Protein chains: 2
Amino acid sequence: MTSKNAPALQELAQDFREALRHSVYLVRRLDADGEPSAAQLSTLKMLLEDGVRVGEIARNLGVRVPSATEQVIKLERAGLARREADPDDSRAVRVVLTAQGRDAVESANRRRNAVMAGILESLTDDDRRALAAALPVIEKINSTLQN
Amino acid sequence: MTSKNAPALQELAQDFREALRHSVYLVRRLDADGEPSAAQLSTLKMLLEDGVRVGEIARNLGVRVPSATEQVIKLERAGLARREADPDDSRAVRVVLTAQGRDAVESANRRRNAVMAGILESLTDDDRRALAAALPVIEKINSTLQN
DNA sequence: CCTAATAGTTAGGTAACCTAAATGCAACCG
DNA sequence: CGGTTGCATTTAGGTTACCTAACTATTAGG
């Protein structure tokens, strides 16, 4: 079976890329008005662990620091997060969720999960098993990002 | 095992969303300068089948018609596609790839596949098998989009 | 100390989406 | 056959989320 591996790798790469390419549009479908955007939710989720620095957010999301700053400012204006001075390093900033921010993450997650669950409902048990088995692999691939 | 299904659905939805959320950043990593963007590649790939209408592109990608128009105009300016009058319906437009456009799709795909293959290389055989098994499922989910 | 590195913000730009409105053609109806 | 209705597309004007370059403030090292 090892002889099948080299060609399969190229094909797998192609198919996986294709699947991700299409998934971008799926993810957009989960957005709703009056709810933090996907990018903001990504930032908010990071903040569930308290006192995160702007640079950490950027690194974790794979974006540049100014993009993270921008998101944090938007969250702050929306009353979902607060910027606090870092006691140890006064160059740094600690971003923390407000209670409202915590609620926003939770309710957005609930709603989005429900929509997704509705979609997954139409799959067969075998399909769901196959999907579940692949998710840790996909996360492993995604963690390649962190460099 | 049916009793395990209802809770598993919520959890699967959550995990799948999480994986896709992270994958957005992975996909961005595959971009390179001097190459059509991911959105443009999506449009170009549709054009591999000749004489596609703007509305079809939009529907297929899950975006609004003006967004498709915009992409087509950009491709045209880049010399990668051409807009032709539809002989049967003069309201409509047929978008076709130029030879240069065809080359651009192919070489961008080759390069992007190679990068992805490099990432997948570090997986175990089992991982790759699990991923391969899930891709048709993911495509099935994505096709939910088409409405 | 002073210089180099680090953390973050500001300024200005681009890509890719959106809605609403305009244009131009087709098709149907009386 | 003329008028209305509807469809395909473009134009105009926004928004969001990214980017690079340049600036400020603070820390740390020689």
Side-chain angles (χ1 to χ4, degrees), chain A residues 21-22 24-44 46 51-78 80-96 145, chain B residues 21 24-44 46 51-78 80-96 108 145:
Chain A
R21 189 169 69 78
H22 292 144
V24 168
Y25 300 98
L26 208 210
V27 169
R28 270 207 277 269
R29 274 286 176 97
L30 300 176
D31 292 349
D33 291 343
E35 189 175 86
S37 66
Q40 299 217 349
L41 263 182
S42 286
T43 308
L44 285 170
M46 274 227 59
V52 184
R53 291 166 64 152
V54 174
E56 280 184 90
I57 295 174
R59 222 168 310 115
N60 192 287
L61 296 184
V63 301
R64 302 293 166 184
V65 173
S67 306
T69 295
E70 191 183 343
Q71 292 305 328
V72 169
I73 288 173
K74 279 185 185 169
L75 292 177
E76 205 171 24
R77 273 203 294 258
L80 305 179
R82 221 179 20 252
R83 281 188 285 187
E84 298 178 347
D86 184 315
D88 299 334
D89 182 344
S90 41
R91 292 169 304 177
V93 163
R94 296 277 168 189
V95 187
V96 299
L145 261 186
Chain B
R21 188 170 71 77
V24 168
Y25 300 96
L26 210 210
V27 168
R28 271 207 276 270
R29 274 286 175 98
L30 299 176
D31 292 349
D33 290 342
E35 189 174 86
S37 66
Q40 299 218 347
L41 263 183
S42 286
T43 308
L44 285 170
M46 273 228 59
V52 184
R53 291 167 64 153
V54 174
E56 279 185 89
I57 295 173
R59 222 169 309 117
N60 192 285
L61 296 185
V63 299
R64 302 293 166 184
V65 173
S67 306
T69 296
E70 191 182 344
Q71 291 305 329
V72 169
I73 289 172
K74 278 185 186 171
L75 291 177
E76 205 171 22
R77 271 204 293 261
L80 305 179
R82 222 179 17 252
R83 280 190 285 189
E84 298 179 349
D86 185 316
D88 299 335
D89 183 343
S90 41
R91 293 169 304 179
V93 162
R94 295 278 167 187
V95 188
V96 298
L145 262 187

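If you're wondering where the values come from, they're calculated on a predicted model, not measured in any experiment. Lettering follows sequence order; numbering is per chain, from 1.
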Which atom pair, heavy atoms only, marks the closest approach of [X] to [Y]?
X: L30(A); Y: E35(A); answer: O-OE1, 4.4 Å
X: T43(A); Y: I57(A); answer: CG2-CG2, 4.0 Å
X: Y25(A); Y: L61(B); answer: CD2-O, 2.8 Å
X: M46(A); Y: V52(A); answer: O-CG2, 3.5 Å

Measuring from atom [atom1] of [X] to atom [atom2] of [Y], what distance do you get when rounded to the nearest 0.5 angstrom?
X: R29(B); Y: D31(B); atom1: CZ; atom2: CG; value: 11.0 Å
X: D88(A); Y: R94(A); atom1: CG; atom2: CZ; value: 7.0 Å
X: N60(B); Y: H22(A); atom1: CG; atom2: NE2; value: 7.0 Å

Could you give the [atom1]-to-[atom2] distance, from [X] to [N], as a whole number of Å?
X: E84(B); N: dT9(D); atom1: CD; atom2: C1'; result: 16 Å
X: R29(A); N: dC18(C); atom1: CZ; atom2: P; result: 10 Å
X: E56(B); N: dA8(D); atom1: CD; atom2: P; result: 10 Å
X: Q40(A); N: dT15(D); atom1: CD; atom2: C1'; result: 12 Å
X: N60(B); N: dC17(C); atom1: CG; atom2: P; result: 13 Å
X: D31(B); N: dC18(D); atom1: CG; atom2: P; result: 13 Å

Quick one: label [X] by what it contacts on the DNA or RNA (base, sugar-phosphate, nothing), any heavy atom closer than 4.0 Å.
X: V65(A); result: base
X: R83(B); result: sugar-phosphate
X: D86(A); result: nothing

**Q.** Near-strand residues of residues 67-78 of chain B, defined as heavy-atom separation under 4.0 angstrom from DNA chain D
**A.** T69(B)
Q) So, do V27(A) and R21(B) sit near enough that their side-chain heavy atoms are less than 4.5 Å apart? A) no
Q | Flag side-chain contact, heavy atom, 4.5 Å: R83(A) against I73(A) | A | yes
Q: For dC18(D), take OP1 and OP2 only and decide whether either is under 4.0 Å from a side-chain N or O of R64(A).
A: no
(Q) Does dA25(D) have its OP1 or OP2 closer than 4.0 Å to a side-chain nitrogen or oxygen of S90(A)? (A) no
Q: Say whether, by atom type as modelled, one donor and one acceptor occur between the side chain of E56(B) and the main chain of R53(B) under 3.5 angstrom.
A: yes
Counting side-chain heavy atoms from C-beta on, which of [options] comes nearest to [X]?
X: A39(B); options: dC18(C), dA21(D), dC17(C); result: dC17(C)
X: S37(B); options: dA15(C), dT10(D), dA17(D); result: dA15(C)
X: V93(A); options: dT9(C), dA17(D), dA7(C); result: dT9(C)

Q. Nearest nucleotide by nearest heavy atom, which residue falls closer to the 5' end of DNA chain C, D89(B) or R28(A)?
A. R28(A)
Just the table, please: protein N/O against nucleotides 4-7 of chain D N/O, every pair under 3.5 Å.
| residue | atom | partner | partner atom | Å |
| --- | --- | --- | --- | --- |
| dG6(D) | N2 | R91(B) | NH1 | 3.2 |
| dC7(D) | O4' | R91(B) | NH1 | 3.4 |
| dC7(D) | O2 | R91(B) | NH1 | 3.2 |

